[in-house]
Protein chains: 2
Amino acid sequence: MPRLADVAKASKVSPAIVSRVANGDRSLKITAETRRRVEQAIREMGYRPNRAAQSLRSAQSGFIALAVHDITNPVYGEIARGAGAAAARIGKALVMSDSSEHEAETAHLPETVPDTLVDLVGGHGVDGLILQANGGASDQVLALAAREKTPMVVLQADIGIGDQVVLLPDEQAARLATGHLIGLGHTRIGCLATNPGLTFTGARIAGWRRTLEAHGLRHDDTRVVHAPATIAAGADAAATLLARSGDITALVCCNIVPAIGAMMGLTERGYRVPDDISIAAIHDIPMAPFLKVAMTTVAMPLFEMGVAAVEALAGCGPGDGGPVRIIDTEPRLIVRASTGRA
Amino acid sequence: MPRLADVAKASKVSPAIVSRVANGDRSLKITAETRRRVEQAIREMGYRPNRAAQSLRSAQSGFIALAVHDITNPVYGEIARGAGAAAARIGKALVMSDSSEHEAETAHLPETVPDTLVDLVGGHGVDGLILQANGGASDQVLALAAREKTPMVVLQADIGIGDQVVLLPDEQAARLATGHLIGLGHTRIGCLATNPGLTFTGARIAGWRRTLEAHGLRHDDTRVVHAPATIAAGADAAATLLARSGDITALVCCNIVPAIGAMMGLTERGYRVPDDISIAAIHDIPMAPFLKVAMTTVAMPLFEMGVAAVEALAGCGPGDGGPVRIIDTEPRLIVRASTGRA
DNA sequence: CTCGCCCGTTAAAACGATTTACATGACGAT
DNA sequence: ATCGTCATGTAAATCGTTTTAACGGGCGAG
């Protein structure tokens, strides 16, 4: 309610001084006495700068948009939390853009749905954009962001857009899972991979392959199968893989969602987990311990990835400069019931 | 990039006309020819109004803040999706405020964390506030919102703040779960309730109690136990309840999270689910079918609650007017393996 | 004694869209 | 022919903050 001018009047100085005091401007000098008086007035009146006016003047909205598929997915939720925390640290707020809402929306009503993200990006409503690699935003948003030169960070994969890419320690995670299975005596290990062509898919397969290679074990393409990150796809893919290479005794899954599908599908087909087949999956989720068979997972630094994405936008934090940041927090193997001795 | 004035110049009219055309102002009349020329210029130049300028002039930011505990929780995620969809429909964007991030943050660095939500509410940065009943926002935010007269909607419980409250069909959900268990022949049914004193807790217990009452079954307080919404608390509470009333054969859980705890805890103690004890829980989550014992649940209209919260803020949609909206979408019973015949 | 200079402060001009109050024009009516 | 009126369009003020350019006063140096 109180404006800058009100504070100025109350403390008998010009608005300019109040602005300087409020922003802690160090360049111009202000008498200690004046500063004290202004600060007191600010406190007493509970003055807070009007964001719209600040934005207009500074051409900075103070908002960062995070576009993910489905905020309901705990993996994305964790990223959002990290991004939110980091954004708060630099005085910015996070705008949620869940692309799944669009589908729900359009399914609901046939009329044209206004795309909030388009308006936001087009109208200088956001200072930066964090995108999920595969489809966090529409082409229109991308085009607009390019025209407006809105800084853009892409998560998980280098798909040729954005100023920077933030990656997880994908290869290492896959190495961890694979190494664990080898340690349990498994020698015929399959890989249930995510969608082909994406950076993280490649890195995880590489982790699996190189670990097997280092132990002199077989790692040919016939033991890799791709599936989108859904339960049903995981079940199908696992069935396909085992039909093709029946001698496999363990599975490294590049994502826990299809891993759950694999676990359920294989169980239904009469395989016992882990007696007949061990499953280790990348991404730990809170429910992992409570699944039909508690899942052995590799916890990824998702929170840190959210933090890094915001830091990349802000141009600060470690890894400053390069176009690619790989989160250096170690992935963590969490052994549960789904993996056992060969 | 192009401003209103640019479009005006290009289409050889005054800025006022462009503004009217852009906003579809019907009050003043504009020649069809002029309108056409302006619309074409807008399209060709890809003009989009600057949000900051609009906000400043109109005192409306176009943002709504949604404050929840933990966006990672699929229950809140679903609410967020609904709110996001409804907000998009009225041209507003959703700002995420996850209170868990503050904890994570402060745990991380000792320095004072700027509270984004405080700045936002204090600086007219949001047009409305949607709060999780138990602690979605700090007292400071609440005080500020009151002073600024920021419209406020509280979810799930009437805790004496906010202009409106949005509730789920809580009693009915509990009736559904309890009725299902009675239908399976259970007569001694306990209630694992959520935190006491909250509207939804009361309503769910009432649903349990009245359903038992209607069937002439016992429903005294010794069969009710309260637990916060965590796995560990659920395990403890279930153990407590069974120690107290050992003859219970079924459990209605007011929240699926402690229900999972109950399931795990009881299993560890040698009870078999559902053979020794059946469990039905309120809130369906995507993982429910894949838990150690697939959980029988009651799916709540969470998406709809998110929609309703935004509609309440906007003063539109059904239920317009009253201070309390109860979502009228029916809860849905989903029978799985955790409930069996008595 | 006066000229310049630094210091703290202030006045005023942005930022871009909206809207009120006013101007211009045409046209019909008297 | 003159006035009134309605239909279009325009000029200018406004929202609140930031920032640049200017301003007065005090003081040291010439």
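In what follows, chains are A, B, ... by sequence order, proteins preceding strands, each numbered from 1. Computed over heavy atoms, backbone and side chain alike; hydrogens, waters and symmetry mates excluded.
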>> Can you list everything that forms a side chain to side chain contact (heavy atoms under 4.5 Å, CB included) with A22(A)? Sequence neighbours excluded, please.
In response: I42(A)

>> I need the CG-C1' distance between L4(B) and dT19(C), as an integer number of Å.
In response: 12 Å

>> Protein within reach of the bases, or only the backbone? For nucleotides 8-13 of chain C, mark each nucleotide 5' to 3' as B, S or -, using heavy atoms under 4.0 Å.
In response: SBBB-B

> What integer distance in Å separates Q60(B):CD from dT18(C):P?
Replying inline: 13 Å

> Do the rings of F63(A) and F63(B) sit parallel, tilted or perpendicular, given the 30° and 60° boundaries?
Replying inline: parallel

> Considering only heavy atoms from C-beta outward, does the side chain of L142(B) approach that of L144(B) to under 4.5 Å?
Replying inline: no

> Looking at E39(B) and R36(B), does any basic side-chain N land under 4.0 Å from a carboxylate oxygen?
Replying inline: no

>> I need the CG-P distance between L56(B) and dT19(C), as an integer number of Å.
In response: 13 Å

>> Nearest whole Å is fine: how far is dG16(D) P from Q54(B) CD?
In response: 17 Å

>> Could you walk me through whether D127(B) and S61(B) satisfy the side chain to side chain donor-acceptor pair (under 3.5 Å) test, starting with their C-alpha distance in whole Å, then the side-chain angles of each, then the deciding distance to 0.1 Å, before giving a yes or no?
In response: CA-CA 6 Å; D127(B) 300 337; S61(B) 68; 3.0 Å; yes

>> What residues from residues 40-52 of chain A pass a heavy-atom cutoff of under 4.0 Å to DNA chain C?
In response: none

> Is there a donor-acceptor pair closer than 3.5 Å between any side-chain N or O of R37(A) and the backbone N or O of S11(A)?
Replying inline: yes

> Do NZ/NE/NH1/NH2 and the carboxylate oxygens of E311(A) and R89(A) come within less than 4.0 Å?
Replying inline: yes

> Considering the options H124(A), Q54(A), K92(A), which one meets the side chain to side chain donor-acceptor pair (under 3.5 Å) requirement together with Q60(A)?
Replying inline: K92(A)

> Rounded to the nearest Å, what distance is computed from the CG atom of residue N23(B) to the C1' atom of nucleotide dT18(C)?
Replying inline: 8 Å

> To the nearest angstrom, how far is R3(A) atom CZ from dT17(D) atom P?
Replying inline: 8 Å

